[in-house]
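Report on the structure given below.
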Amino acid sequence: MSDTTSLYQPGILEGVPRVARYVQFTLAGEQQPAQALKEALTRASPLVNGRDVVIGISPALVHALGGQVPGLHDMPDFSGKLKVPATPGQLWCWVRGDDLGDLLHVTRQLQKALAPAFTLRHVVDAFRHRHDDATGFGRDLTGFEDGTENPRGDEALAAAFAQGQGDGLDGASFVAVQQWVHDLDAFDRMPEQDQNHCIGRRLSDNEEIEDAPEFAHVKRTAQESFEPEAFVLRRSMPWLASTQAGLMFVAFGRSFDAFEAQMRRMAGQDDGIVDGVFKLSRPVTGAYFWCPPMRAGQLDLRRLGFD
Ligand code: HEM
């Protein structure tokens, strides 16, 4: 593949941080002049190094700025038998680090830089759960290891970043973000075998269960089973707020195609079989963003009309 190194926001490729905040900004008023949006993004840019803060821009915001990004569109409605809400946003920031207090201050700096054109709409605090430094994997709050089948090395680069599309596009990533709320009481009530069958792996040792039912999550989403193969780079994290908790599902792709193929099958749109994950969780938000590439250590916003 062509060299996308140094073109992508590095936080995407790095593992999941110890703590993070998913921060969504919205437009302060219906009609914001493109110039005001541009000025706000220019002020925020120095805070976004792509590592400590990864940024994603919505289709609507790209449009409002007068930009064009081929393949960028809103999340479709995947609802069928179940609700899979599409809740479009404007600006998405994945604020990453080791200390939640520090992340609060980064959030405040972003808020100030983006005002008055943007206002903060929603923050979700996330963390690693039972992370194993040796394997680099953490767990979902159900206890299942998350990330096992993520592509690695060059395969991760090929899955997550656009290439061969030209300046200002190569190194960009298309991210799908969905907040899932777990029903941990329902999960706790299930016999262990049913818990294992929801995912298709054994909680005890993470082994894949060959004869798992067709609804098993890893059977539904097996990346090689799609035509064409549907690989994404998942960077999901557990979240909690007061008594609610779940998984912030985050998948980076060179386009939205792989995520869409997986989500359609999970929702039962291919064969009527709904993914076992819905027995223990439900999505309450869903949005797509374009994560612009980097150039000389700064966000490359040329496709949005910036110099
Ligand atoms: C509450 C929501 C979810 C939970 C708790 C969850 C959990 C898991 C777990 C435990 C695994 C097995 C280990 C691994 O390979 O990471 C897995 C695999 C996977 N999940 Fe999810 N997941 C959720 C939602 C989703 C969604 C919405 C998608 C995409 C639309 C997705 C795509 C995948 C993929 C592609 C794999 C790897 C499949 C393979 O190639 O073996 N997951 N997930």
Side-chain angles (χ1 to χ4, degrees), residues 22-26 56 58-61 72-92 94 121-126 140-144 146 174-190 194-200 212-223 225-226 230 232 234-253 255-290:
Y22 296 97
V23 186
Q24 280 214 40
F25 291 93
T26 191
S58 73
L61 183 54
L72 179 64
H73 56 82
D74 275 322
M75 184 182 274
D77 189 351
F78 295 100
S79 305
K81 290 182 184 167
L82 297 138
K83 189 106 191 87
V84 185
T87 54
Q90 293 287 353
L91 194 62
W92 174 79
W94 182 24
R121 173 191 181 198
H122 191 220
V123 183
V124 176
D125 288 317
D140 174 65
L141 291 169
T142 52
F144 286 103
D146 194 16
F174 295 82
V175 68
V177 184
Q178 269 181 330
Q179 186 177 13
W180 289 69
V181 179
H182 287 1
D183 185 344
L184 292 169
D185 290 333
F187 182 73
D188 287 348
R189 280 194 299 270
M190 287 181 201
D194 291 2
Q195 295 178 333
N196 292 340
H197 282 172
C198 284
I199 297 294
E214 280 310 309
F215 62 72
H217 181 53
V218 298
K219 278 200 164 177
R220 298 270 93 197
T221 55
Q223 295 161 104
S225 71
F226 293 89
V232 292
R234 284 171 292 135
R235 291 291 186 241
S236 310
M237 295 182 77
W239 65 269
L240 69 78
S242 184
T243 56
Q244 287 206 312
L247 186 74
M248 186 61 99
F249 176 82
V250 176
F252 293 93
S255 76
F256 293 124
D257 294 352
F259 169 79
E260 283 179 9
Q262 293 168 12
M263 195 64 240
R264 272 198 304 271
R265 208 193 265 169
M266 282 181 70
Q269 288 184 7
D270 288 2
D271 54 10
I273 301 173
V274 168
D275 194 296
V277 154
F278 284 93
K279 294 182 199 288
L280 59 94
S281 197
R282 67 193 164 91
V284 294
T285 69
Y288 282 171
F289 302 94
W290 180 69

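In what follows, every heavy atom counts, from backbone to side chain, and hydrogens, waters and symmetry copies are set aside.
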Hey, does Met75 have a side-chain heavy atom less than 4.5 Å from the side chain of Tyr288? yes
Nearest heavy-atom pair of Phe226 and Ala261: which atoms, and what distance? CE2-O, 3.4 Å
Nearest-0.5 Å distance that lies between atom CZ in Phe144 and atom CZ in Phe187: 4.5 Å
Any donor-acceptor pair under 3.5 Å linking the side chain of Ser58 with the backbone of Phe289? no
Gap separating the CE atom of Met248 from the CE atom of Met237, nearest 0.5 angstrom: 10.5 Å
Kindly indicate whether the side chain of Thr221, heavy atoms from C-beta on, has any atom under 4.5 Å from the side chain of Asp275. yes
Just by modelled atom types, is the Ala60 backbone N or O under 3.5 Å from a matching donor or acceptor in the Gln90 side chain? no
What closest approach, in Å, do Ser281 and His182 show between heavy atoms, and which atom pair accounts for it? OG-ND1, 2.8 Å
Got a second to check how far Gln262's CD is from Arg234's CZ, nearest 0.5 Å? 7.5 Å
Give the minimum heavy-atom separation between Gly200 and Val218, together with the two atoms involved. O-CG2, 3.7 Å
Distance check, rounded to the nearest 0.5 Å: Gln179 atom CD versus Arg282 atom CZ? 10.0 Å
Between Asp271 and Arg220, does any side-chain N to carboxylate O distance fall below 4.0 Å? yes
Could you check whether any side-chain heavy atom of Met263 comes within less than 4.5 Å of a side-chain heavy atom of Phe256, counting everything from C-beta outward? no
Glu260 and Phe78, any side-chain heavy atoms less than 4.5 Å apart: yes
Heavy-atom pair with the smallest gap, counting every atom of Pro85 and Pro283: CD-O, 3.2 Å
Is any side-chain heavy atom of Leu141 closer than 4.5 Å to a side-chain heavy atom of Leu247? no
Nearest-0.5 Å distance, CZ of residue Phe249 to CZ of residue Arg235: 12.0 Å
Ala212 versus Lys219, closest heavy-atom pair with distance: O-NZ, 2.7 Å
Looking only at the aromatic ring of each residue, does the gap between the centers of Phe278 and Trp180 stay below 6.0 angstrom? yes
Got Tyr22 and Thr285 here, is their nearest side-chain heavy-atom distance under 4.5 Å? no
Taking side chain as C-beta onward, heavy atoms only, is Val177 less than 4.5 Å from Trp92? yes
Of all heavy-atom pairs linking Leu280 and Thr142, the shortest is CD1-CG2, 3.9 Å
Looking at CZ of Arg121 and OG1 of Thr87, how far apart are the two atoms once the value is rounded to the nearest 0.5 Å? 6.0 Å
